[in-house]
Amino acid sequence: MFDGQPGLAAALALGLDRGAAAAFRSAHVDVVVESARFFGWRLAIPAVAWIPDLQHHSLPQLFPRTARWRREIGFRVQLASGRTIMLSSESAFRDFKAYYPRASNRVSVVRFATQPPDAFLNIDPSEVIAAYNLPTNYFYLPNQFYRHKNHQLVVDALAILKRRGVEVVVCASGSTEDRREPGYYDLVNAEIRKRGLDTHFRHLGVIPLPHVYALLRASTALLNPSRFEGWSTTVEEAKSFGVPMILSDIEVHREQTAGAARYFGVDDAAALADHLMQLSGQSHRQVVRNIVPQQDGRVRAFAASFADAMRRAVHRGVDQPGVKSA
């Protein structure tokens, strides 16, 4: 409801987005979660700033200078305003301590879990697979085409498998738009055509979410080659169905899966090729997975940690600044 409103300028200059503050009061809001927004240091309602990740510090080369500084200034304003900080992983918390060692804000680590709606699971995956003309044995890569998502490594791995005479199909979905690097998708696509991998790497574009779940549930494995994640939604969705995973060997992927996946270095195309070949060879029939029994427990744990973070923000006099809650 605040999109396009001039509240940010007022929040920075005067310390308060008056329109937002009035809306919060009229709705009897107890605590506000700021996600890529700032409502001012004079906001009378307790506020929690969700910082999804600190990628602009870890991979600064992927951000234009203005975008990098805009992100950094936004985070520092929230820190200076005494916001409770909400992070999505222990990995992000370690980054936070490294990059903002003097910050005394309260920090809560809230690892989110997904709960796929039942209505999205009624579609028959075989119909979706047929609609997209996919084989029964495929790997699913549902990541947006940002450079840090590392699609190029998958292309390199498929080229290795092609030279080995191994037929593997990677099905990708997601947006091709990246304002930081508008031509990235075209570069990857050109490389796919150049290497003759059109039948091996198939990009479906942006597809309906029920189709995403259908393709995930019937895939040989989820593939996520990303160089950086705050807490991967695609990994959480794969966990919710017990889908095997082939993941880049980054700290947060290890944290999310507790070792229950196959891992490869972010620049190791040969290792990825080996994983793809091995799992593809083991898969002889299509398996459609349903939500695993322990998923309700994961969602309850997420809800409890989120609620605890909100309570800490509301009753901020209880805890000492700089204390992290799980």
Side-chain angles (χ1 to χ4, degrees), residues 1-27 29-110 112 146 148 178-180 228-231 252 305-306 308-325:
M1 68 182 294
F2 305 120
D3 287 351
Q5 300 301 314
L8 179 59
L12 292 173
L14 305 175
L16 184 64
D17 179 340
R18 294 182 182 276
F24 297 149
R25 283 195 301 272
S26 67
V29 169
D30 295 306
V31 59
V32 174
V33 178
E34 293 179 333
S35 176
R37 294 299 298 253
F38 179 62
F39 297 112
W41 61 85
R42 291 172 51 212
L43 185 69
I45 302 169
V48 176
W50 178 50
I51 297 180
D53 61 60
L54 294 165
Q55 185 190 146
H56 67 294
H57 278 289
S58 300
L59 298 173
Q61 69 275 17
L62 300 185
F63 290 80
R65 181 175 297 179
T66 54
R68 188 169 68 248
W69 277 108
R70 185 165 58 247
R71 206 168 193 251
E72 179 65 12
I73 290 170
F75 289 164
R76 288 190 177 274
V77 166
Q78 288 174 316
L79 292 175
S81 300
R83 299 296 198 245
T84 295
I85 305 299
M86 184 167 68
L87 303 170
S88 297
S89 64
E90 287 290 341
S91 175
F93 181 56
R94 284 189 283 272
D95 286 346
F96 180 85
K97 290 192 295 183
Y99 297 129
Y100 307 112
R102 298 182 179 179
S104 59
N105 307 66
R106 295 173 186 82
V107 179
S108 289
V109 174
V110 179
F112 66 79
Y146 297 161
H148 77 276
D178 184 356
R179 288 178 295 178
R180 295 176 299 181
F228 192 92
E229 296 283 346
W231 191 256
V252 73
S305 64
F306 182 85
D308 182 65
M310 298 306 107
R311 280 192 294 267
R312 286 174 176 268
V314 172
H315 304 292
R316 50 190 170 189
V318 175
D319 299 313
Q320 293 300 313
V323 176
K324 185 266 291 185
S325 63

A.B. asks: Can you name the residues that form a side-chain hydrogen bond (donor to acceptor under 3.5 Å, both in side chains) with Trp41, not counting sequence neighbours?
C.D. replies: none

A.B. asks: State, to 0.1 Å, how close Ala49 and Arg83 come at their nearest heavy-atom pair, and which atoms those are.
C.D. replies: CB-CB, 4.0 Å

A.B. asks: Are Phe39 and Phe24 an aromatic pair, judged by ring center distance below 6.0 Å?
C.D. replies: yes

A.B. asks: Could you check whether any side-chain N or O of Glu34 sits under 3.5 Å from a backbone N or O of Ile51, counting only pairs where one atom can act as donor and the other as acceptor?
C.D. replies: no

A.B. asks: Between Trp50 and Ser88, do the side chains contain an N or O donor and an N or O acceptor separated by less than 3.5 Å?
C.D. replies: yes

A.B. asks: Tabulate below the donor-acceptor pairs under 3.5 Å that side-chain atoms of residues 92-99 make, not counting sequence neighbours, or state none.
C.D. replies:
{"residue": "Arg94", "atom": "NE", "partner": "Glu251", "partner atom": "OE2", "Å": "2.5"}
{"residue": "Arg94", "atom": "NH2", "partner": "Glu251", "partner atom": "OE2", "Å": "2.3"}
{"residue": "Tyr99", "atom": "OH", "partner": "Ser58", "partner atom": "OG", "Å": "3.4"}

A.B. asks: Atom NE2 in His57, atom CZ in Phe63: separation rounded to 0.5 Å?
C.D. replies: 10.0 Å

A.B. asks: By side-chain hydrogen bond (donor to acceptor under 3.5 Å, both in side chains), which residues pair with Arg76, not counting sequence neighbours?
C.D. replies: Glu72

A.B. asks: Within the distance-only criterion (no hydrogens, no angle test), does the side chain of Ser108 pair as donor or acceptor with the backbone N or O of Met86 below 3.5 angstrom?
C.D. replies: no

A.B. asks: Run the side-chain hydrogen bond (donor to acceptor under 3.5 Å, both in side chains) test against Ser81 and tell me which residues pass, sequence neighbours left out.
C.D. replies: none

A.B. asks: Could I get the full list of salt bridge (Lys or Arg N to Asp or Glu O under 4.0 Å) partners for Arg42, not counting sequence neighbours?
C.D. replies: none

A.B. asks: Only counting residues at least two apart or in another chain, list the ones meeting side-chain hydrogen bond (donor to acceptor under 3.5 Å, both in side chains) with Arg71.
C.D. replies: Asp53, His56

